[in-house]
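Working notes for the structure below.
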Amino acid sequence: MPDAFSSPEYQPNQQFPYNSSPSYATYPWEPPPAPPARARRPRHHALGQHSDIRLLRSAYRWQRRVATLTALGYFVLFLLLSAFVPSLMTRSVSGGLSVGLLLGGLQVPVTCLAIGVYEYTARRRVDPIADRIRRQSALDVRREESR
């Protein structure tokens with residue numbers, strides 16, 4: 001005996017899977033869905049994409065390289081002279097002071113010079129860019145709070 005649900009009019013519609021929701025409102029008294037909110041475009045680029053960030057990174061990179069190469073370059077020069085030209089390093093400058101001791105003693109002033117160069121370039125190149133970014137981000141925060 002055929003079942004009442006085996007007739008063709010009771011077969012499920014194969015166009016829509018069983019777990020899909022209908023494309024019409026289920027209940028007629030439901031309000032229509034709200035349209036999606038339009039996103040506001042910011043006036044400025046996001047801070048991570050900003051050109052000032054790239055400028056700050058390159059200025060800071062240059063600053064580190066100059067200071068590092070100043071201090072380490074002198075020290076490597078001292079080591080190379082000690083290893084490959086020992087006759088120069090043992091030569092006497094005056095009294096009991098050799099060239100090696102003189103160059104070794106100059107390592108401290110050269111390191112201080114590297115620190116001074118680092119501070120000078122920070123004040124002259126890096127800090128103005130960082131201040132500008134800081135002011136811009138504070139301004140962006142105030143704009144977001146006012147919305």
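Because the structure is a prediction, the values reported are computed rather than measured. Atoms considered below: every heavy atom in the structure, side chains included; atoms not considered: hydrogens, waters and symmetry mates.
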Legend entry - Reported CZ-to-CG distance for the pair R134 and D131, which is rounded to 0.5 angstrom: 5.0 Å
Inset, instruction - Work out which heavy atom in G96 is nearest to a heavy atom in L101; give both atom names and the distance. - result: O-CD1, 4.5 Å
Legend entry - Cluster check L69, L77: I/L/V/M/F/W/Y, side chain < 4.5 angstrom: no
Inset, instruction - Consider only side-chain heavy atoms of I, L, V, M, F, W and Y, link residues closer than 4.5 Å, and tell whether V93 and L81 are in one cluster. - result: yes
Inset, instruction - Look up atom CG in L55 and atom CZ in R132, then write down how far apart they are to the nearest 0.5 Å. - result: 6.5 Å
Legend entry - Atom pair CG/CG of L113 and L106 - distance to nearest 0.5 Å: 11.5 Å
Inset, instruction - Grab the two heavy atoms, one from T70 and one from V110, that are nearest each other, plus how far apart they are. - result: O-CG1, 3.8 Å
Inset, instruction - Check the hydrophobic clustering (I, L, V, M, F, W, Y; side-chain heavy atoms under 4.5 Å; chains of links allowed) and say if L97 and V85 are grouped together. - result: yes
Legend entry - Shared hydrophobic cluster for L102 and M89 (ILVMFWY, side-chain gaps under 4.5 Å): yes
Inset, instruction - Kindly indicate whether the side chain of V66, heavy atoms from C-beta on, has any atom under 4.5 Å from the side chain of R61. - result: no
Inset, instruction - Verify, without hydrogens or angle tests, whether T68 (side chain) and R65 (backbone) share a donor-acceptor contact under 3.5 angstrom. - result: no
Inset, instruction - Give the minimum heavy-atom separation between A114 and A67, together with the two atoms involved. - result: CB-O, 3.6 Å
Inset, instruction - Working to the nearest 0.5 Å, report the span between CG of L72 and CZ of F78. - result: 14.5 Å
Inset, instruction - Using a cut-off of 6.0 Å, state whether more than 12 heavy atoms not belonging to R124 lie near its atom CZ. - result: no
Legend entry - Exam field: side chain Y74 to backbone L103, donor-acceptor pair closer than 3.5 Å: yes
Inset, instruction - Please examine the side chains of T111 and Q107, heavy atoms only from C-beta on, and report whether any two atoms are closer than 4.5 Å. - result: yes
Inset, instruction - Output the distance between atom OG1 (T121) and atom OH (Y60), rounded to the nearest 0.5 Å. - result: 10.0 Å
Inset, instruction - First locate atom OH of Y120, then atom CZ of R125, and finally report the distance between them rounded to the nearest 0.5 Å. - result: 8.0 Å
Inset, instruction - For residues Y118 and Q63, report the shortest heavy-atom separation together with the two atoms involved. - result: O-NE2, 2.7 Å
Inset, instruction - Indicate yes or no: at least one non-hydrogen side-chain atom of R91 is less than 4.5 angstrom from one of L88. - result: yes
